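Model, not experiment: these values are computed from the prediction.
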Amino acid sequence: MSILEIVGQVVIVLGGLVFLSAALGVIRFPDPYTRTSAVGTAGGIGIVLVTVGCLLVHPSVSDTIKVIAIVVLQLATSAVGSIAIARSAFITHTPMYGPAFTDLEWEEAGEHVADEWGAGIEPGGDSSEGRPD
Amino acid sequence: MIGIDIGLALLLIACLASTYRMVKGPTGADRAVAADLLLFGIVGIIALIGLKVASPARFDIVLVASVVGFLGALSLARTITRGHR
């Protein structure tokens with residue numbers, strides 16, 4: 001058992017622990033937005049760690065090129081997919097959990113919120129153009 | 001090879017947790033996020049089992065599965081909003 005193999009197995013276990021933290025977040029977090037943050041960050045890093053560990057256990061040149069492609073694609077796409085899911089949850093008015101101030105109330109309250117908060121802030125911004133409801 | 005077995009066990013626990021959230025989740029976004037995590041876990045399990053059985057095509061499968069998973073996440077996001085953008 002070479003030193004590279006041991007390092008690879010340690011990296012694989014680290015990736016498994018990252019996945020375990022994502023699973024803990026999916027189980028325990030209260031609303032879809034926080035669950036999205038858990039999955040979007042941990043999913044990308046977890047896959048990267050597991051594949052790099054697999055490469056380190058049995059290294060070869062052609063596998064290195066494939067792993068570089070996997071790492072770049074995974075880091076570029078996992079956050080985009082998760083944020084697309086969170087954005088569609090926001091569009092369908094999925095309620096947020098218990099903060100003092102939510103963006104959804106800001107959009108629905110409209111003018112009153114602008115009067116209370118004052119100072120020429122447009123509530124909801126330009127969301128009336130592209131929003132379905 | 002004990003590290004690979006530990007990694008497989010951790011990924012299996014993550015897949016079971018996301019399956020629980022996918023069955024139980026109150027909204028569609030919860031189920032979509034859990035499906036995303038389940039796909040990541042399955043891809044990791046594919047990589048580790050391919051390492052255990054010394055398959056030469058394991059990184060090809062992981063590459064294709066991660067790209068298809070990205071397209072799946074985007075289409076789930078479209079499905080939640082019933083096609084609106």
Side-chain angles (χ1 to χ4, degrees), chain A residues 1 5-6 8-17 19-20 22-24 26-27 31-33 35-36 38-40 42-44 46-47 50-51 53-55 57-58 62-63 66-67 69-70 73-74 76-78 80-92 94-95 130-133, chain B residues 1-4 6-18 20-22 24-41 43-45 47-48 50-51 54 56 58-60 62-63 66-67 69-74 76-85:
Chain A
M1 180 176 283
E5 202 164 331
I6 297 172
Q9 294 193 14
V10 169
V11 172
I12 286 175
V13 173
L14 275 180
L17 288 176
F19 267 107
L20 198 65
L24 190 66
V26 164
I27 289 290
D31 67 348
Y33 306 103
R35 284 172 194 146
T36 303
V39 171
I47 287 291
V50 168
T51 49
C54 282
L55 176 70
V57 173
H58 283 299
S62 63
D63 282 350
K66 289 172 196 166
V67 166
I70 290 169
L73 277 176
Q74 191 67 38
T77 57
S78 75
V80 177
S82 302
I83 286 178
I85 292 175
R87 183 175 175 274
S88 56
F90 185 81
I91 288 174
T92 54
T94 305
R131 286 293 153 76
D133 21 306
Chain B
M1 289 294 163
I2 184 71
I4 299 172
I6 294 174
L8 269 176
L10 294 175
L11 286 177
L12 196 64
I13 292 172
C15 285
L16 286 179
S18 61
Y20 167 77
R21 177 54 65 195
M22 208 156 75
K24 189 132 187 310
T27 67
D30 288 319
R31 295 192 171 93
V33 165
D36 211 8
L37 181 63
L38 181 62
L39 180 122
F40 288 148
V43 170
I45 286 178
L48 289 183
L51 182 62
R58 53 183 185 271
F59 289 120
D60 300 324
V62 171
L63 185 57
S66 63
V67 174
F70 172 59
L71 295 180
L74 286 189
L76 277 177
R78 285 295 292 277
T79 309
I80 293 169
T81 60
R82 304 287 189 273
H84 295 297
R85 273 185 287 185

Write down the atom of A:Gly81, the atom of B:Ala73, and the distance for their closest heavy-atom approach.
CA-CB, 4.0 Å
Out of curiosity, B:Ile13 CD1 to A:Phe19 CZ, how far, rounded to the nearest 0.5 Å?
13.0 Å
Roughly how far, to the nearest 0.5 Å, is CD1 of A:Ile12 from CD1 of B:Ile4?
5.0 Å
If the condition is side-chain hydrogen bond (donor to acceptor under 3.5 Å, both in side chains), which residues does B:Asp30 pass it with, not counting sequence neighbours?
A:Arg35, B:Thr27
Which region of A:Val13, side chain (C-beta onward) or backbone (N, CA, C, O), has a non-hydrogen atom less than 4.5 Å from a non-hydrogen atom of chain B, or is it both or neither?
both
Under a 4.5 Å cutoff for heavy-atom pairs, which residue among A:Lys66, A:Gln9, A:Gln74 has the most contacts with chain B?
A:Gln9
Within the 4.5 Å heavy-atom criterion, are B:Phe40 and A:Ile47 side-chain neighbours or not?
yes
Contact origin within A:Val67 toward chain B - heavy atom pairs under 4.5 Å
side chain
The reported gap from CZ in B:Phe59 to SG in A:Cys54 (rounded to nearest 0.5 angstrom) is 5.0 Å
Ignoring hydrogens, what is the shortest heavy-atom contact between A:Val50 and B:Gly44? Give both atom names and the distance.
CG1-O, 4.0 Å
What's the spacing between A:Ile6 CD1 and B:Ile2 CD1 if we round to 0.5 Å?
13.0 Å
Can you see which heavy atom on B:Arg58 is nearest to which on A:Asp63, and at what distance?
NH2-OD2, 4.0 Å
A:Ile70 side, atom CD1; B:Asp60 side, atom CG - distance, nearest 0.5 Å
8.0 Å
A:Asp31: which residues meet the salt bridge (Lys or Arg N to Asp or Glu O under 4.0 Å) condition with it, sequence neighbours left out?
none
Is any side-chain heavy atom of B:Asp36 closer than 4.5 Å to one of A:Ser82?
yes
Engaged part of A:Leu73 at the chain B interface, taking heavy atoms whose separation is under 4.5 Å
side chain
Spacing of A:Thr51 atom OG1 and B:Leu48 atom CG [to the nearest 0.5 Å]
9.5 Å
If every non-hydrogen atom of B:Thr81 is compared with every non-hydrogen atom of A:Ser88, which pair is closest and at what distance?
CG2-CB, 3.1 Å
What are the two closest heavy atoms between A:Ala22 and B:Leu37, and how far apart are they?
CB-CD1, 3.9 Å
